Amino acid sequence: MDSSNDEALDIIITNVVATFRTRCHLNLRTIALEGVNVIYKPEVGKVLMKLRKPKITASIWSSGKIICTGATSEDDAKLGARRLARVLQKLGFKVRFSAFKVVNVLAVCSMPFAIRLIDFTKNNRPIASYEPELHPAATYRIKNLKATIQVFSTGSLTVTGPNVQNVATAVEQVYPLLFECQKPKCK
């Protein structure tokens, strides 16, 4: 971050996607009939189950693979996944919690200034792209962090990455590039 700028940027995590395996076959019909907060989707071959605390939605397949979405931190995602495994155990399945992995983190951040997107894209041409006819944001990809940043002219950023640390590092890397392309303040 710029040393002369003493205000910190708030990175707000809006969604954490995690996966885990139960290491046993799951009968979706049993889960749908006996479970609570469940939506059975037989045409897709999965069950959606919602937990209230932490607030997550889980997609459950009969193979035992489960994807949890909606958590607001990696710890909440793990806690929600473990609670979900416990719910399935109480329904009578021999569930073993294994192969937990956070696969995606979505965060938003707001810069304290507006940004000239055309200048930003020209300065960072190979890794930044801006198609105003398709999408109002410029896309900036950081390959080594596996992070993608959507930069809006208002200064809002939407960041996706494989984990929270990579998301924070991506914002730190892009800040000086955005600082060069800030719009002058109106009087």
Side-chain angles (χ1 to χ4, degrees), residues 1-20 39 41 44 46 48 50-51 54-59 61 65-81 99-187:
M1 303 273 171
D2 190 11
S3 57
S4 65
N5 186 6
D6 52 0
E7 87 180 59
L9 294 173
D10 284 338
I11 301 171
I12 301 157
I13 298 166
T14 56
N15 188 18
V16 176
V17 181
T19 63
F20 75 97
I39 303 167
K41 300 210 170 182
V44 190
K46 71 176 180 181
L48 293 176
K50 296 186 178 200
L51 292 180
K55 191 174 180 196
I56 64 162
T57 301
S59 298
W61 281 270
K65 182 176 182 178
I66 300 176
I67 299 177
C68 300
T69 60
T72 53
S73 72
E74 289 182 356
D75 291 339
D76 274 358
K78 185 154 192 171
L79 178 68
F100 176 83
K101 183 181 178 193
V102 172
V103 290
N104 196 351
V105 174
L106 178 73
V108 293
C109 181
S110 192
M111 294 290 139
F113 48 81
I115 298 154
R116 294 190 313 268
L117 290 180
I118 294 170
D119 292 350
F120 172 72
T121 311
K122 281 181 185 170
N123 295 348
N124 306 290
R125 182 56 80 190
I127 48 180
S129 65
Y130 177 48
E131 297 290 338
E133 294 172 6
L134 300 177
H135 189 58
T139 304
Y140 185 81
R141 286 190 171 81
I142 304 174
K143 285 230 172 32
N144 63 333
L145 295 176
K146 294 182 180 156
T148 302
I149 303 171
Q150 299 285 324
V151 182
F152 293 87
S153 61
T154 58
S156 295
L157 306 181
T158 303
V159 190
T160 56
N163 58 40
V164 173
Q165 185 59 46
N166 282 24
V167 165
T169 307
V171 171
E172 286 174 13
Q173 273 189 22
V174 81
Y175 183 84
L177 305 173
L178 295 171
F179 193 78
E180 304 173 350
C181 300
Q182 66 179 309
K183 283 182 183 171
K185 293 222 190 300
C186 298
K187 290 181 181 173

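Every value quoted in this text rests on a predicted model; they were computed, and no experiment measured them.
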In Å, rounded to the nearest 0.5 Å, how long is the span from [atom1] of [X] to [atom2] of [Y]?
| X | Y | atom1 | atom2 | value |
| --- | --- | --- | --- | --- |
| Gln150 | Leu157 | CD | CG | 10.0 Å |
| Tyr140 | Thr148 | OH | OG1 | 11.5 Å |
| Asn163 | Lys101 | CG | NZ | 10.0 Å |
| Ile115 | Glu180 | CD1 | CD | 12.0 Å |
| Leu134 | Thr139 | CG | OG1 | 10.0 Å |
| Cys68 | Leu79 | SG | CG | 10.5 Å |

> More than 12 foreign heavy atoms under 6.0 Å from CD1 of Ile118: is that the case here?
Replying inline: no
> Taking everything shown except Lys183 itself, do over 12 heavy atoms lie less than 6.0 Å from its NZ?
Replying inline: yes
> Taking the inter-plane angle between the rings of Phe179 and Phe113 on a 0 to 90° scale, is it parallel (under 30°), tilted (30 to 60°) or perpendicular (over 60°)?
Replying inline: perpendicular
Least distance between heavy atoms, [X] atom then [Y] atom:
| X | Y | answer |
| --- | --- | --- |
| Ala81 | Ile56 | N-CD1, 4.2 Å |
| Asn123 | Cys181 | ND2-SG, 3.4 Å |
| Ala58 | Ile66 | CB-CG2, 4.0 Å |
| Leu117 | Ala138 | CD2-CB, 4.0 Å |
| Ile149 | Ala170 | CD1-O, 3.7 Å |
| Tyr130 | Pro136 | CE1-O, 3.8 Å |

>> Under the criterion side chain to side chain contact (heavy atoms under 4.5 Å, CB included), I'd like the reasoning laid out for Phe152 against His135: C-alpha separation, chi angles, the key distance, then a yes or no.
In response: CA-CA 10 Å; Phe152 293 87; His135 189 58; 4.2 Å; yes
>> Holding to salt bridge (charged side-chain N to carboxylate O under 4.0 Å, His left out), I want the full list of residues that pass it with Arg116, two or more places apart in sequence or in another chain.
In response: Asp119
> With sequence neighbours left out, what residues match Pro162 under side chain to side chain contact (heavy atoms under 4.5 Å, CB included)?
Replying inline: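 Residues passing side chain to side chain contact (heavy atoms under 4.5 Å, CB included) with Pro162: Lys146, Asn166.
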Could you tell me if the side chain of [Y] sits less than 4.5 Å from the side chain of [X], heavy atoms only?
| X | Y | value |
| --- | --- | --- |
| Ile11 | Val159 | no |
| Asp76 | Val16 | no |
| Ile12 | Ser110 | no |

> For Ile142 and Thr169, what are the C-alpha separation, side-chain angles and deciding distance, and is it a side chain to side chain contact (heavy atoms under 4.5 Å, CB included)?
Replying inline: CA-CA 10 Å; Ile142 304 174; Thr169 307; over 6 Å; no
> Sub-3.5 Å donor-acceptor pair from the side chain of Glu74 to the main-chain atoms of Val102, do we have one?
Replying inline: no
